[in-house]
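First up is the structure itself, then whatever we jot down about it.
We're numbering straight along the sequence, starting at 1. Every heavy atom of this structure was used, including side-chain atoms; hydrogens, water molecules and symmetry mates were not.
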Amino acid sequence: MASKVLDKDPRTKLKVIYQHTWSQGGDALVVKSGISSPKALRGKTIALQAYGPHVDYLGKVLSNAGLKLSDVKIKWLPDLTGTDNSPMAAFYEPGIDAAMVIIPDALALTSNGTVGTGAEDSVKGARILLSTKSANRIIADVYAVRTDYFNKNRKAVGDLVHGLLLAQEQLQKTVKEKASQKASYQKMMTASAQILLDSPKAVADTEGLLADAYFVGFNGNKVFFQDANYPRRFSRLNQEITSTLSPLGLTTSQSNLSEAKWNYADLSKGIINVQASSKGKFNKEAVAKAVQKKNRRGGSDDNLFSFEVYFKPNQNTFQASQYSTDFKKVIDLASTYGGAIITIEGHSDPLGYLKKKKEGVSNIVLQRIRQSAKNLSLTRANSVRDSLISYAAAQKITLDPTQFAVVGHGIAKPASGVCGSDPCAPKTKEQWLDNMRVEFKIIQVEAEEDVFSPI
């Protein structure tokens, strides 16, 4: 947004030199009761700080829900937090349906992240619809310098970046080993509390700030700026952000930031972790429990985004060439919402079961048909997952297999609906074909602290 002014003079154009972090829980979309998913925001009024960190955040979430910023009403506020002219303050107004806020404000509005009771600072029925704990690859925190300074001081700027990379690695090591390095950890956090919050005693709040950021490190910088296949790369974010801001008049269509183009081999001196960890970030058993819990309670309120892919009768394989458009969409969602679970849920058509029941076959036979349908739907969901991951690998994109949970519903949740204790019979060929599908659902599990463990 600043580039709209800075680009007028080539000397003041910004040169991005370093990615520090991704926001990982520090920013949130809070909604009032009745709004269960991002697509339900259509026509709603959202409080949003102008020229703040949440404009593109909101734009990306709406885009993934098939909406545009023009599909919602925006109440622009000048301040981010702490005043009567902030999104949190506006959220108390009857005409405001949602607000983009920082996490301390979100926790206050929702009775500490649950559902607002109306007591103290909370709003009755308010809840966090989506925070950057789930949407943890939207807000990238970067350092930038003026182009004229960069051109005159390239080596000094490069030394600064190298120093930041070394210090960041040291920081993460100290945090990881805090149990055995209590003195070093306490000294660091006390100093940080003084610098950031003007009090050496504000260690707990400082730890909260630390937890709300994902430090990308050496490999993260290299991937962000140089990997042409990484879905959340610098050039891709440039395009996304410009397309969000331009229609609002907050930037120009030409306002793409430039980057320093470092030689990362030169910056690797002294760096220990020069390769990304291949370890999955999700606890498989905890994910399975969270998905089961969601299915038991219906789960619709936890679905951030969902869409379906269809297949032909008796189809068990899913060629990437046939489903590439759908797979690209999943890759984008998995990369953007890296803290959310993606369920791949297979369904089968109930017509065969209903015909056999009409013929009067025994309950044992009917149970076998149900189980066979469930097994088939699970096989199809597994096949879709494997094909998706193989497709991503062919595009040189690494997906985390632990982020995906596979479910086989069989005939329990047909598109044609449920009639009493049985699935409804499809009345048309189209309904029959609609039952043969796999659903992708992006669900947040922010309350399940043992599910996701960012590295």
Query raised in the report: Under a 4.5 Å cut-off applied to non-hydrogen side-chain atoms, are Phe218 and Gln168 in contact?
Result: no

Report task. In sequence, state the C-alpha distance, the side-chain angles, and the governing distance for Val55 and Trp76, and then conclude on side-chain contact (heavy atoms from CB on, under 4.5 Å). Result -> CA-CA 10 Å; Val55 180; Trp76 296 103; 4.1 Å; yes

Report task. Take Ile128 and Ile103 through the test side-chain contact (heavy atoms from CB on, under 4.5 Å) and record every step on the way to the result. Result -> CA-CA 9 Å; Ile128 296 175; Ile103 200 65; 4.1 Å; yes

Query - Side-chain donor or acceptor of Gln444 paired with backbone N/O of Leu129 under 3.5 Å - result: yes

Report summary line: CG of Leu388 to CG of Leu399, rounded to nearest 0.5 Å, is 5.5 Å

Query raised in the report: If every non-hydrogen atom of Ala381 is compared with every non-hydrogen atom of Val406, which pair is closest and at what distance?
Result: CB-CG1, 3.3 Å

Query raised in the report: How far apart are the C-alpha atoms of Thr343 and Glu345, what are their side-chain angles, what is the distance that settles it, and do they pass the side-chain hydrogen bond (donor to acceptor under 3.5 Å, both in side chains) test?
Result: CA-CA 6 Å; Thr343 60; Glu345 305 184 17; 2.8 Å; yes

Query raised in the report: Passes side-chain contact (heavy atoms from CB on, under 4.5 Å), Phe318 versus Asp386? Steps please.
Result: CA-CA 9 Å; Phe318 299 84; Asp386 295 344; over 6 Å; no

**Report entry** side-chain contact (heavy atoms from CB on, under 4.5 Å) evaluation trace for Lys396 with Asp227
**Finding:** CA-CA 10 Å; Lys396 298 182 179 179; Asp227 188 344; 6.0 Å; no

Report summary line: On a heavy-atom basis, the closest approach of Ile442 and Ala340 is CG2-CB, 3.9 Å

Query raised in the report: With a 4.5 Å heavy-atom cut-off, do Arg137 and Tyr214 have their side chains touching?
Result: yes

**Report entry** With Phe150 via ring pair (Phe, Tyr, Trp, His ring centres under 6.0 Å) - residues at least two apart
**Finding:** Trp262

Query raised in the report: Which ring-ring contact (aromatic ring centres under 6.0 Å, His included) pairs, counting each pair once, include a residue from residues 221-253, with sequence neighbours left out?
Result: Trp22-Phe224, Phe224-Phe234, Phe225-Phe234

**Report entry** Backbone of Asn375 reached by a side-chain donor or acceptor of Thr379 within 3.5 Å
**Finding:** yes

Query - Leu304 side chain reached by Leu333 side chain, heavy atoms, under 4.5 Å - result: no

Query raised in the report: Heavy-atom count around Asp266 CG within 6.0 Å, excluding the residue itself: above 12?
Result: yes

Query raised in the report: Looking at Phe305 versus Tyr337, is the centre-to-centre ring distance below 6.0 Å?
Result: yes

Requested in this report: Check whether any side-chain heavy atom of Asp56 lies under 4.5 Å from a side-chain heavy atom of Ile138, and answer yes or no.
Outcome: yes

Query raised in the report: To the nearest 0.5 Å, what is the distance between CD1 (Ile74) and CG (Leu69)?
Result: 5.0 Å

Query raised in the report: How far apart are the closest heavy atoms of Ala90 and Ile96, and which atoms are they?
Result: O-CG1, 3.2 Å

Query - All side chain to side chain donor-acceptor pair (under 3.5 Å) counterparts of Glu439, not counting sequence neighbours - result: His347

Query - ring-ring contact (aromatic ring centres under 6.0 Å, His included) contacts in which one or both residues fall within residues 101-144, not counting sequence neighbours - result: Tyr18-Tyr143, His20-Tyr143

Requested in this report: Look at atom NZ of Lys222 and say whether more than 12 heavy atoms of other residues, nucleotides or ligands are closer to it than 6.0 Å.
Outcome: no

Query raised in the report: Ignoring hydrogens and geometry, is there a side-chain-to-backbone donor-acceptor pair from Thr402 to Phe282 under 3.5 Å?
Result: yes

Report task. Determine yes or no for a side-chain-to-main-chain donor-acceptor pair under 3.5 angstrom, with Arg437 supplying the side chain and Glu308 the backbone. Result -> no

Query raised in the report: Is the side chain of Asn136 donor-acceptor paired with the backbone N or O of Gly338 at a distance under 3.5 Å, no angle test?
Result: yes

Query raised in the report: Just by modelled atom types, is the Leu6 backbone N or O under 3.5 Å from a matching donor or acceptor in the Thr12 side chain?
Result: yes

Report summary line: OG of Ser192 to CG of Leu197, rounded to nearest 0.5 Å, is 9.5 Å

**Report entry** Considering all heavy atoms, the nearest Leu109-Ala126 contact
**Finding:** O-CB, 3.7 Å

Query raised in the report: Under 3.5 Å, is there a donor-acceptor pair between the side chain of Ser268 and the main chain of Ala265?
Result: yes

Report task. For the residue pair Ile35 and Arg127, establish whether any side-chain heavy-atom pair is separated by less than 4.5 Å. Result -> no

Report summary line: Rounded to the nearest 0.5 angstrom, the CG-CG distance for Leu164 and Leu171 is 11.5 Å

Report summary line: Of all heavy-atom pairs linking Gly25 and Thr132, the shortest is N-OG1, 2.8 Å

Report summary line: In short, Leu245 meets Met1 closest at the heavy-atom pair CD1-CG, 3.4 Å

Query raised in the report: Is there a side-chain contact between Asp332 and Arg232 (heavy atoms, below 4.5 Å)?
Result: yes

Query - Ile271 backbone acceptor or donor facing Glu169 side chain under 3.5 Å - result: no

Requested in this report: Answer yes or no: is there a donor N or O on one side and an acceptor on the other, between the side chain of Asn435 and the main chain of Ala415, under 3.5 Å?
Outcome: yes

Requested in this report: Verify the neighbour count for atom NZ of Lys60: are there more than 12 heavy atoms of other residues, nucleotides or ligands below 6.0 Å?
Outcome: yes

Query raised in the report: CG of Leu41 to CG of Leu62: how many Å apart, nearest 0.5 Å?
Result: 6.0 Å

Query raised in the report: Is there a side-chain contact between Val384 and Arg380, using heavy atoms and a 4.5 Å cut-off?
Result: no

Query raised in the report: Where the side chain of His162 meets the backbone of Lys269, is there a donor-acceptor pair that is under 3.5 Å apart?
Result: yes

Query raised in the report: Salt bridge check: are Asp71 and Arg42 linked by an N-O gap of less than 4.0 Å?
Result: yes

Query raised in the report: For residues 86-99, which residue pairs qualify under side chain to side chain donor-acceptor pair (under 3.5 Å), counting only residues two or more places apart or in two chains?
Result: none

Query raised in the report: Rounded to the nearest 0.5 Å, what separation is found between the CG atom of Asn382 and the OG atom of Ser387?
Result: 12.0 Å

Query - Glu207: side chain to side chain donor-acceptor pair (under 3.5 Å) partners, not counting sequence neighbours - result: Tyr185

Query - Side chain proximity check, Ser3 to Thr251, heavy atoms < 4.5 angstrom - result: yes

